Amino acid sequence: MESAKVEELYELMVRSRFFEELTKLLWEDGLISGELHIGIGEEATIAAVIANLTVGDAIACDHRGSPPFVMRGIDPVSILLEIMGYPGEESLCLGMGGHMHLFSKENLMESSGIVGASGPAATGFALAAKYKKTDNIAVSLSGEGSFNQGHMLESMNLAAVLNVPVLFVCKDNGWSITTRSCDLTGGNLVQRAKGFGIDGISLNGLDVEEVYHALKSIIPKMRKDKKPFFLHCIVTHREGHFTTDPLLHPMKTLKKYGGSMTKSFLTPKGAPIGKRIKSVGNILSSLVEFRKQTKTKNDPLNILRIKHKQKTQEFDKIDQKIDGEIGITLKKALLIYGKEVSK
Amino acid sequence: MRRMSFDQAIEDAIIQAMLEDDRVFIMGEDVHTNRTNIMSRFSDRVIPTPISESAFLGTGVAAAMAGLRPIVELWMIDFVCVAYDALVNHAAKIYDFSGKKWSVPLVIRASCGAGIGDGGQHGQMLYGSIASIPGLKIVVPSNPSDAGRLILSAIQDNNTVIFLEHKLLSDHLLHYLGGSGRDTLEFNIPPDGIEGEVPDKWEPLELGKLNILKEGNDITLASLGVSVHRCMEAAREIEKEGISVEVLDLRSVVPLDIDGIFKSVEKTGKLLVVDEDYKQFGLSGEIAALLLEKGLKFEYGRVATEGTIPFSRILEDETLPNVERIRTQCKILLKK
C-alpha cells in the first residue's frame, strides 16, 4: 500500500479514537447522560469503508455513530455538542438525538438505536441511488447481533431481489449486548448471506489495510453491477457494549451482584445443583471471555503501527496533530456548552 | 412486613410464582445478565434469546397458548415496535378469534419511561397506543409493594399482560442505562418509589383498582408510574396554599378504574391527568371521554409528553411531566 494511504487511514482511525476517548471522559464526568456506546475497536473497518466512498454514497449507522460521523468529516464540535445534549443550533441535531441518533442530511448519514434498523435504511438509500441513476452505493453498519433480527434479514433478501447496491457491513465482536453471539446465532453469517444470493467474505476487521484492499475492488463492482455485498469483519469493543457494561468491570460487577447471586444459588427449591453450577459457570465465564476484547494486540491502531514500524515517527506526528485538534474541539464545545449551563 | 427495593420486590414475587408453578419461565434479551439471581437458582427456566424481538415475542405467544406461562422480557418497551405484529395481531386477538376458547397467558416485562437522557427511542411509555388494541392489559406500578403484587397478578392472569417498570424506579436499570454509578449525575428519583414495605407473602392485586394515595376535596390528580410521585410532590406544595388535593395512582391502564376516577372527580369537580405517555390520542384523552360519556360535568386539564422526547437533559426535563408543569396546570384549573 502506498505510504500516503497508510497515513491517511491511520489518521482517520486516530481521529475517531481520540474523539471517542474524549466522549468517554466526558461521560465519566457526567457531562453525557444515559448510555454511551463507543466504537473503539471498530475503527479499522469503518476507516476502510469510509476511505472507499465518494460523495453521494449513503451510510446507515447503528447506535455507534461517532466513528463514521467523525471520519466522514462532519464538524466534530457539532457532534460533540450533540452527544453532550446541548440544546442549541451549534449541535448537529439540536440536542434532540444524542449519540445513538446522529443525522446529517447533506452527507446522507443516519443512525438508529434499534438493532438491525440500518438494514432497511441502507436498502432504501440504495434503491434511491439506483432510481436516480447514480453510481452511488449505500452502507449498512451494524453488529453481528443484528443479523438475527428480522428486518435486517428481510432487507438482505429485498436488496438481493431488487438488485440494489447495499454494502452490509457486519462488525462482529462476538457479543450481542452481554450475551455471546455464538450461543445465539445458527450457522455461519457469510453462508447465510450466500443463501440470499448475496456475495460475501469474512475479513480481519482489525486490519485496516486488509479491509481497505478488499473493498477497493468490491465497491466499484457494486457501483457497476448494482448488487448487494456482505462484508463480515471481526472487531473488538474494548469499552463493552456500553460504558456501563457489567462485563467491563468483573470485580465491580461481582461485588454488586455476586453476593445475592451466591445466596440465590444456595437457596433450596429450584433447579438441581448440577444445573445451577452450569448456570453460574456460564455467567462467570462471560466475565472472563469478555476480557479478550480488551487486549492491546487486538487494537486496530496498534496493529497498523506494528505492521509499519518504520513509520512510527509519522504516526506519532499524526497523533500529536489530532490530539491538538481534539483539544480545540473540546475547548470550542465547552465554551458553547458552558454558556447554556451558566444560564 | 419486609423492606425491599422495586427490583427486589419484582424478583421476589417472580421467584414465588416460579416455585408455585412449574409452567412459569423467563425468556428474553440478556436475561442471564439481568436476572442472575433467578438464573443461578432456576437454571434453564431462564432462557436468553437473540436480539430478535419479533421471533421471541411470537414464540412466547404460542408457548403460552401451549399451556406455559412465559415472562418475555424486552430491554425497553420501545423495542416492542419491532415485534408489534406478535403483540397486536396475535397476543391480543387469539382469545377472540378462537371463540374465547384459547387464551394467551403471557407476561411481557419491559422497562419504560424517560428521565435519564437516553433519547426518544429508549424512553417512551407507549401504553396509550398499546392500550388502544382490545385484548391487552397493561400495568404500570409506582412502588415496590404494588410492583410485586402486580407482577404476580400478571403471571396468574389468563390473558396477555404488559408489565412496565419505570427506569427511574429500578436501581438495576438506572445503573445500566443511566450510568447512575457516576457521582456527577443527578436523577429525579422518587424515594417512595424505589424502596418500601412489602408483604411477607405475595398475593395478587386485582387489576383495574386504583389506589387513593391522598384524599382531598378541591382537585383530583390522576396518574401512574413515576408521575404519581411527581403528583404527590406537587400536591404537597399546592396544599401549602390551603388547597385540598386528591391523588390517584391508577396502577393499570387496562383495565382502567374509570369508576374510581369518576367517584373522585364527582367529589372534586376538577381533574388533572398527569401522563408520561404522549398527549395525543392517549390515556389522558380517553379518561376525559369516558367521564363525559358517563355524564359527569367537570373541569379538565392534562400534563403529558408532547412531541418526541429529546435527548438533551434540559429539553427532556421540559418535555416530561414535572412538578412545575403540574402546579401550573393545577392553578389554571383551580381558577376555573
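Since the model is a prediction, treat every value here as computed from it, not as a measurement. When reading the values below, keep in mind they use all heavy atoms of this one structure, side chains included, and skip hydrogens, waters and symmetry mates. First the proteins, then the strands, lettered A, B, ... as listed; each starts at 1.
Between B/Phe42 and A/Ser279 the shortest side-chain heavy-atom distance does not fall below 4.5 Å. Put simply, the side chain of B/Glu29 does not reach to within 4.5 Å of the side chain of A/Thr179, judged on heavy atoms. Taking 4.5 Å as the limit, every side-chain heavy atom of A/Arg276 sits out of range of all side-chain heavy atoms of B/Met39. Residues B/Thr33 and A/Pro246 meet the side-chain proximity criterion, which asks for heavy atoms closer than 4.5 Å.
For the atom pair OG of A/Ser33 and CZ of B/Phe187, the computed distance is 7.0 Å after rounding to the nearest 0.5 Å. One finds the CD1 atom of A/Ile114 at 4.5 Å from the CD atom of B/Gln121 (value rounded to the nearest 0.5 Å).
Listed options A/Gly145, A/Gly150, A/Ser112, A/Ser146 were ranked by heavy-atom pairs under 4.5 angstrom with chain B; first place goes to A/Ser112. When B/Ser40, B/Gly120, B/Pro310 are compared by the number of non-hydrogen pairs under 4.5 Å with chain A, B/Ser40 comes out ahead. Most heavy-atom pairs under 4.5 Å with chain A, from the set B/Ile15, B/Asp22, B/Thr49, B/Asp78: that is B/Thr49. Counting heavy-atom pairs under 4.5 Å between each of A/Val280, A/Asp29, A/Leu266 and chain B puts A/Asp29 at the top. Contact count against chain B (heavy-atom pairs under 4.5 Å) is highest for A/Gly30 among A/Pro268, A/Gly30, A/Gly270. Each of A/Lys278, A/Gln149, A/Glu28 has some count of heavy-atom pairs under 4.5 Å with chain B, and the biggest count is that of A/Gln149. Put simply, of B/Arg45, B/His172, B/Glu186, B/Met76, the one with the most heavy-atom pairs under 4.5 Å next to chain A is B/His172.
Of the possible polar contacts, one joining the B/Ser43 side chain to the A/Lys275 backbone as a donor-acceptor pair under 3.5 Å is found. Using a distance-only test at 3.5 Å, with no hydrogens or angles considered, no donor-acceptor pair links the side chain of B/Ser312 to the main chain of A/Gly95. Put simply, the side chain of A/Glu35 never gets that close to the backbone of B/Leu177: no donor and acceptor are under 3.5 Å apart. Checking side-chain atoms of A/Thr178 against main-chain N and O of B/Asp30 turns up no donor-acceptor pair under 3.5 Å.
For B/His122, the part lying under 4.5 angstrom from a heavy atom of chain A is the side chain only. With a threshold of 4.5 angstrom between heavy atoms, A/Leu94 approaches chain B through N, CA, C or O but not through any side-chain atom. Residue B/Met18: no heavy atom, backbone or side chain, is found under 4.5 Å from chain A. Proximity to chain A (any heavy atom under 4.5 Å) is shown, for B/Ile51, by both the backbone and the side chain. Proximity to chain B involves both the backbone and the side chain of A/Ile177, based on heavy atoms less than 4.5 angstrom apart. Contacts of B/Glu53 with chain A are made by both backbone and side-chain atoms, with heavy-atom separations under 4.5 Å.
For B/Glu20, the CD atom is densely surrounded, since the number of other residues' heavy atoms within 6.0 Å is greater than 12. More than 12 heavy atoms of other shown residues, nucleotides or ligands fall within 6.0 angstrom of atom CD in A/Gln191.
Looking at every heavy atom in both residues, A/His101 comes nearest to B/Asp118 through CE1-O, 4.3 Å. Here the shortest heavy-atom pairing between B/Val82 and A/His151 reads CG1-CE1, 4.0 Å. Nearest heavy atom pair, residue A/Phe242 against residue B/Tyr176, reads CE2-O, 3.9 Å. Of all heavy-atom pairs spanning A/Tyr257 and B/Asn37, the tightest one is O-OD1, 4.3 Å.
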Audit row: A/Met96, B/Leu315, side-chain contact (heavy atoms from CB on, under 4.5 Å) steps and yes/no: CA-CA 8 Å; A/Met96 286 296 290; B/Leu315 300 176; 4.3 Å; yes
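In summary, of the residues considered (A/Asn148, A/Val115, A/Leu184), a side-chain contact (heavy atoms from CB on, under 4.5 Å) with B/Ser52 occurs for A/Asn148 alone.
Salt bridge present: B/Asp171 and A/Lys256 bring a charged side-chain N and a carboxylate O closer than 4.0 Å.
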